[in-house]
There are 4 protein chains.
Amino acid sequence: MLDAAVRTFGQRGYRAASMDEIAELAGVSKPLVYLYLNSKEDLFTACIRREAAALVAAVRAAVGEGAGEDAAGPGAPADRQLWAGLTAFFTHTAEHPDGWAVLHQQARTHGEPFAAEVAAMRDELAAFVTGLIAEAARDAHQAAAFGDRDVSGLAQALVGAAESLAQWANETPGVTAREAASTLMNFAWTGLSGLMDGRRWSPTR
Amino acid sequence: MLDAAVRTFGQRGYRAASMDEIAELAGVSKPLVYLYLNSKEDLFTACIRREAAALVAAVRAAVGEGAGEDAAGPGAPADRQLWAGLTAFFTHTAEHPDGWAVLHQQARTHGEPFAAEVAAMRDELAAFVTGLIAEAARDAHQAAAFGDRDVSGLAQALVGAAESLAQWANETPGVTAREAASTLMNFAWTGLSGLMDGRRWSPTR
Amino acid sequence: MLDAAVRTFGQRGYRAASMDEIAELAGVSKPLVYLYLNSKEDLFTACIRREAAALVAAVRAAVGEGAGEDAAGPGAPADRQLWAGLTAFFTHTAEHPDGWAVLHQQARTHGEPFAAEVAAMRDELAAFVTGLIAEAARDAHQAAAFGDRDVSGLAQALVGAAESLAQWANETPGVTAREAASTLMNFAWTGLSGLMDGRRWSPTR
Amino acid sequence: MLDAAVRTFGQRGYRAASMDEIAELAGVSKPLVYLYLNSKEDLFTACIRREAAALVAAVRAAVGEGAGEDAAGPGAPADRQLWAGLTAFFTHTAEHPDGWAVLHQQARTHGEPFAAEVAAMRDELAAFVTGLIAEAARDAHQAAAFGDRDVSGLAQALVGAAESLAQWANETPGVTAREAASTLMNFAWTGLSGLMDGRRWSPTR
DNA sequence: TATGAATGAGCTTTCATTCAT
DNA sequence: TATGAATGAAAGCTCATTCAT
């Protein structure tokens, strides 16, 4: 039932998706949908929560549990962990395009009950990235180099880049998750490394 | 009239915005709206086009025409041009939050007539970035280092990062356009420079 | 189970009362309600019948069986009997406000299957009053003074007055059943006595 | 449009009446009904107000303005005024059975927004009767004979009797307004006169 | 006997859209 | 040119009612 809802919301959008359509796609009657999930709003929230949890779990699993070809382990170096997380992220979004659409496009578009749900997930991912940056900075003895807002901004940029690449990979035939991850790693890790070595770009020169 | 529509669409979303509200905000009667712009769909398309054109124009102006403190000139170095473009981008999105919401959130959320409009704008900006990367690569005698898809991917990542930062800057009090641009330049230009020096990150090592 | 139904119907009204609510209040499952009473309509009818019977029985008991402080006996004078009946009526309606609401407000409001049930009860009470009037008239040697329709009209007026007073007594704190009965007796019995003495009011004079 | 609503509400009841049916009976489309009267609740309230105002106006006109065969005048004796009012009341309810059903049956049945509207009307009529009783008592030099609550109770009884007779007259073929009024006057005025002469009925004797 | 699970039908309300003027 | 007035179509939600067990 949630599957049908995610698919419908992902393709039509929150407002355009009708409960009739969702029920029909789920192969049940409309009142049943209302019996289990009380309202359209609750149903949408449930979709968001489920997809967000699944995505975060996929990333966490890849980073922490060390399974799979691209997985890292708890003690792996920061770049390895980032690579593992990004690969898992791109893989998951590629395999669940409707879920990704719900999170990335629909939920953020439709005001407060929903945006907050996604923001929580985003913060979780951003915190993961932030942690990695801090770890890498520590390794490079640059702990003082970044202020809080610097790190926030970097994390936002990275997550945004990842989201954009995920969309691009979903839409462009032939682009694999590893390729997207590779692109982002090349771009981001080199940039981060440079920053940690103290390199900055400034307009004055 | 378009102003009213952009404001309403930006704040309420495409579906939730009612023609009644738009007409009232514009101070005209509803049939007049239908006289000038034939349907809600056409009206939304017109909004997207106008806002996209304005944003692209702002970026173009800053890069090409050399006016303003952060402007570059036609012959300026690539990093200078990128800086000028980003600053203009963040400034414009900060000054036109509803227009930006229409482009970034609403248009992409509501399926095919609209997504294509935004994709066109995105491609235009991506092409601009692509050109800069190619130019920089040429300067660094690294023309062969990037394939077409590499460049596309980088551009997507950069544009996505910029969009995400624009959203973040709009939502976070006290973040200025120059600060956002600075964050992205530090991150991106260093990364790009590294790439052009041949540095790559690869999972195997 | 009928208790729950009467309470719900009395408080919510026939249409607004849901079978769900009734079943829950009765502490049974909905299909069980349908097993015993076939439909909402039948359930409502059963409620009406039970409450009507209870009310009539209370009045009858007070009038005929001679128990209680205000009770009369079979051979008691007409005024005494009327007093006994009215007191019992007001007492019963005060003690069963939901049942009274079902009879007085809900049943008459919802068309034909139900109105007839209440009309039957009303006729029974009216017949009782009619009998008393006839008896009193006989005592006063005025048998011919009233036509059938006169008596019907008087009975309607009396019952209506009683219903209105019952409502008023239920809503106004501090008004007891005996006080309501007293008011009505003062008003009605004096009026009736006058009528039986041949006094009439006519517009022409 | 209100006509259609009154008719539908009067015959079907508030809940059972559908906006579809009202609109169809009015010969307009449903959205138009919502344009003029904002919701079903508002529509019902408007019906109640209109019918209550019409009924009160009819009574007032007959009592105060001295027109028509049964009309009284401002200075007429209390019984004359009461007669005029009752005749007008029964005439009006007979001529507007649906309006009367809305007021008497439907509005009082459906909880608080509506019951209050009708209670206001009822109070107005009761106040009129109360005034007449007081006036008559004054004429009979019996000012001290009634307490406030006595008078309230009598007025309630009288109004209730009138309402009940109106219903009876509407339902029983061949009963005219004057006949109903006559019945009530015979009954009530004689009773009131008796009360004013100090006659009381008491259970103790 | 008793119920968890399910639904067809219907309700109120809203909105994009169009005439007649 | 501009609009007041009107509507067809659809959406979210509820409820009396029924199987399968």
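These values consider heavy atoms only, across backbone and side chains, with no hydrogens, waters or symmetry-generated copies. Please read these numbers as outputs of a predicted model, since none were measured by experiment. Each chain gets a letter, A, B and so on, in the order its sequence line appears, and its residues count up from 1.
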Specify the separation, in whole Å, of atom [atom1] of [X] and atom [atom2] of [N].
X     : N      : atom1 : atom2 : value
D/L32 : F/dG8  : CG    : P     : 11 Å
A/L35 : E/dG8  : CG    : P     : 15 Å
A/E21 : F/dG12 : CD    : P     : 10 Å
C/I22 : E/dT3  : CD1   : C1'   : 18 Å

Checklist entry - Is it true that B/D42 and B/R49 have a side-chain N and a carboxylate O under 4.0 angstrom from each other? => result no

Item to check | Reading 5' to 3' through nucleotides 14-21 of chain F, protein heavy-atom contacts under 4.0 Å coded B for base, S for sugar-phosphate only, - for none | outcome: BBSBBB--

Checklist entry - Looking only at side-chain N and O atoms, does A/Y36 come under 4.0 Å of OP1 or OP2 in E/dA6? => result yes

Checklist entry - Does any non-hydrogen side-chain atom of B/R108 lie less than 4.5 Å from one of B/R122? => result yes

Item to check | Side chain proximity check, D/T93 to D/H104, heavy atoms < 4.5 angstrom | outcome: no

Checklist entry - For the residue pair C/E51 and C/G99, what are the closest heavy atoms and their distance? => result OE1-CA, 3.4 Å

Checklist entry - For E/dA5, what is the paired nucleotide under Watson-Crick or G-U wobble rules, both distances under 3.5 Å? => result F/dT18

Checklist entry - Who does F/dC13 pair with, Watson-Crick or G-U, both distances under 3.5 Å? => result E/dG10

Item to check | Aromatic B/Y14 / basic B/K40 pairing, under 6.0 angstrom, 45° off normal | outcome: yes

Checklist entry - Does any donor atom in the side chain of D/Q167 or D/W100 lie under 3.5 Å from an acceptor atom in the other side chain? => result yes

